[in-house]
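The block underneath contains the structure these notes are about, expressed in structure tokens.
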Amino acid sequence: MNKFIDISEENVLKTYNRMPVVFKNGKDVYLYDEDGKEYLDFLSGIGVIGLGYSNKKYVEEIKTQVENLLHTSNLFYTATVAEAAKKLTKISGMSKVFFTNSGAEAIEGALKVAKKYAYEKNGTDDYEIIAFNHSFHGRTIGSLSVTGNESYRKPFMPLLSGIKFAELNDIDSVKKLVTEKTIAMIVEPIQGEGGINVAEGKFLKELEEICKNKDILLILDEIQCGVGRTGSFYRYQKFDIKPDVVTTAKALGNGVPVGAFLLNEKAANSSLKPGDHGTTYGGNPLAGRAISTVLDIFEEENILENVKRITPYLEEKLENLVKEYEFIIERRGEGLIQGIKLTENKNAGEIMKKALENGLVITVSEGNVLRFLPPLIINENNIDEMISKLEKSF
Ligand SMILES: Cc1ncc(COP(=O)(O)O)c(C=O)c1O
């Protein structure tokens with residue numbers, strides 16, 4: 001493994017402090033490194049491998065697509081993209097979709113939708129967007145502009161103008177920021193990178209109400225918490241919220257890099273028109289096949305049912321840790337996006353490293369939080385094994 005680590009360190013731009021392991025293959029909830037060591041994976045590539053590694057149907061479909069057709073460009077139609085679009089608009093309840101290559105690009109598209117919507121309405125380029133402290137929306141200039149973490153934004157100023165930050169679950173902090181110029185609000189229904197901060201259903205409903213009354217576009221970023229992770233396909237569906245724009249990525253492709261922004265009829269009819277937006281790769285035939293297959297497997301393998309069934313078991317085990325260890329302050333999260341917040345004297349990053357040595361893959365979130373994003377197919381035994389490896393790492 002050291003050989004590959006050395007080559008990477010020598011040649012790849014160092015924007016990550018990578019963990020000292022070289023993974024070679026995966027099966028279901030397990031990863032294997034170049035030396036054959038087994039790791040239980042409660043990270044799933046940061047919430048990407050929802051169906052687990054090497055799902056048989058997924059692998060077959062991707063193989064077939066690679067053999068048939070990888071790419072044609074968006075100048076033409078393909079069956080896989082048509083199917084993916086139909087299934088995704090149906091499951092999300094949204095009207096139209098634009099496919100991207102990543103989450104950040106989905107956010108860029110959503111911001112362009114908001115700007116174009118306001119431009120069509122008022123002909124103005126003087127706008128404000130409300131985002132939230134501790135949010136994370138990506139690393140491109142637009143997505144960074146709405147990311148509520150100053151240390152990420154500061155070296156890249158000036159970013160987009162007109163962005164204001166409110167507090168999650170504090171509706172007054174939002175109301176104070178709304179002006180005549182507000183064109184959109186962007187919020188993660190659960191803040192993943194920012195510490196597993198769950199937006200209350202009531203709060204999201206109140207945002208929806210303000211947006212509806214003032215013709216402000218409500219953009220929900222479901223890139224990390226969506227695609228089944230909380231037991232409904234998208235989290236907003238639990239509260240019967242009707243967003244104007246939804247961003248989605250990660251688990252939607254189960255490993256093939258995909259993303260999308262979805263629009264309701266209002267946003268679709270009055271924003272991006274031919275010539276306003278485009279992408280070479282976004283929604284190519286391979287991406288279409290991946291998305292379409294993921295959606296089929298969700299149905300055939302009752303993925304949402306498993307998330308709902310297994311969640312209370314995981315939550316109970318994590319709550320037991322809170323009771324048992326005085327350095328654990330609380331459990332946070334919903335479904336299979338969970339975190340435990342530690343006291344300052346216990347370093348979450350150190351525990352993450354120890355866990356890796358003990359054959360468990362997890363990560364951290366802002367605020368000394370250990371983060372758990374397992375594949376959506378986990379069972380009770382996987383959870384028992386995770387808890388035992390985690391306790392060993394404490
Ligand atoms: C909520 C959220 N939005 C956007 C992004 C950016 O997605 P990507 O890394 O695919 O660009 C992430 C990535 O972690 C995310 O968690």
Side-chain angles (χ1 to χ4, degrees), residues 13 15-16 18 43-50 92 98-114 129 131-149 151-153 156 159-160 163 165 168 184-199 204 218-230 233-236 243 245-262 279 281-283 287 290-291 294 332-339 361-367 369 371-374:
L13 183 70
T15 59
Y16 283 90
R18 290 176 214 274
L43 174 60
S44 57
I46 322 186
V48 169
I49 311 294
S92 63
F98 182 100
F99 291 113
T100 67
N101 307 294
S102 67
E105 285 168 276
I107 299 288
E108 294 292 331
L111 295 175
K112 279 182 75 175
V113 168
I129 293 173
F132 288 86
N133 288 324
H134 307 290
S135 64
F136 181 82
H137 299 291
R139 301 292 198 154
T140 56
I141 294 294
S143 60
L144 195 55
S145 300
V146 289
T147 286
N149 181 328
S151 66
Y152 287 173
R153 286 200 315 269
F156 305 100
L159 294 169
L160 286 185
I163 313 294
F165 292 93
L168 197 72
M185 294 185 193
I186 178 163
V187 61
E188 291 162 85
I190 297 179
Q191 294 181 333
E193 306 287 321
I196 316 295
N197 308 314
V198 178
L204 293 173
L218 178 61
I219 304 170
L220 295 184
D221 181 352
E222 292 258 0
I223 288 167
Q224 189 161 152
C225 69
V227 189
R229 196 150 282 282
T230 67
F233 195 78
Y234 288 117
R235 184 164 183 258
Y236 64 82
V245 184
V246 176
T247 56
T248 180
K250 288 188 185 276
L252 189 62
N254 201 55
V256 170
V258 305
F261 57 93
L262 294 144
T279 162
Y281 281 130
I291 294 169
V294 165
R332 298 166 168 186
E334 200 175 283
L336 299 184
I337 173 168
Q338 296 280 344
V361 183
I362 50 172
T363 192
V364 295
S365 274
E366 192 187 316
V369 172
R371 178 168 34 156
F372 308 94
L373 292 168

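Start at 1 and go down the list; that is how both ligands and their atoms are numbered.
When only modelled atom types and interatomic distance are considered, H134 and N197 share no side-chain donor-acceptor pair under 3.5 Å.
A donor-acceptor pair is defined here as one N or O able to donate and one able to accept, closer than 3.5 Å; no such pair exists between the side chain of T230 and the backbone of G335. A donor-acceptor contact shorter than 3.5 Å links the side chain of K250 to the backbone of I46.
For the salt bridge (Lys or Arg N to Asp or Glu O under 4.0 Å) test, no residue two or more places apart in sequence or in another chain qualifies with E108. In this structure, the side-chain contact (heavy atoms from CB on, under 4.5 Å) partners of V256, at least two apart in sequence or on a different chain, are Y58, I62, V258, L286, A290. Residues passing the salt bridge (Lys or Arg N to Asp or Glu O under 4.0 Å) test with E193, sequence neighbours excluded: R371.
Residues of the protein with a heavy atom under 4.0 Å from ligand 1 are S102, G103, A104, F136, H137, G138, E188, E193, D221, I223, Q224, K250, listed by chain and number.
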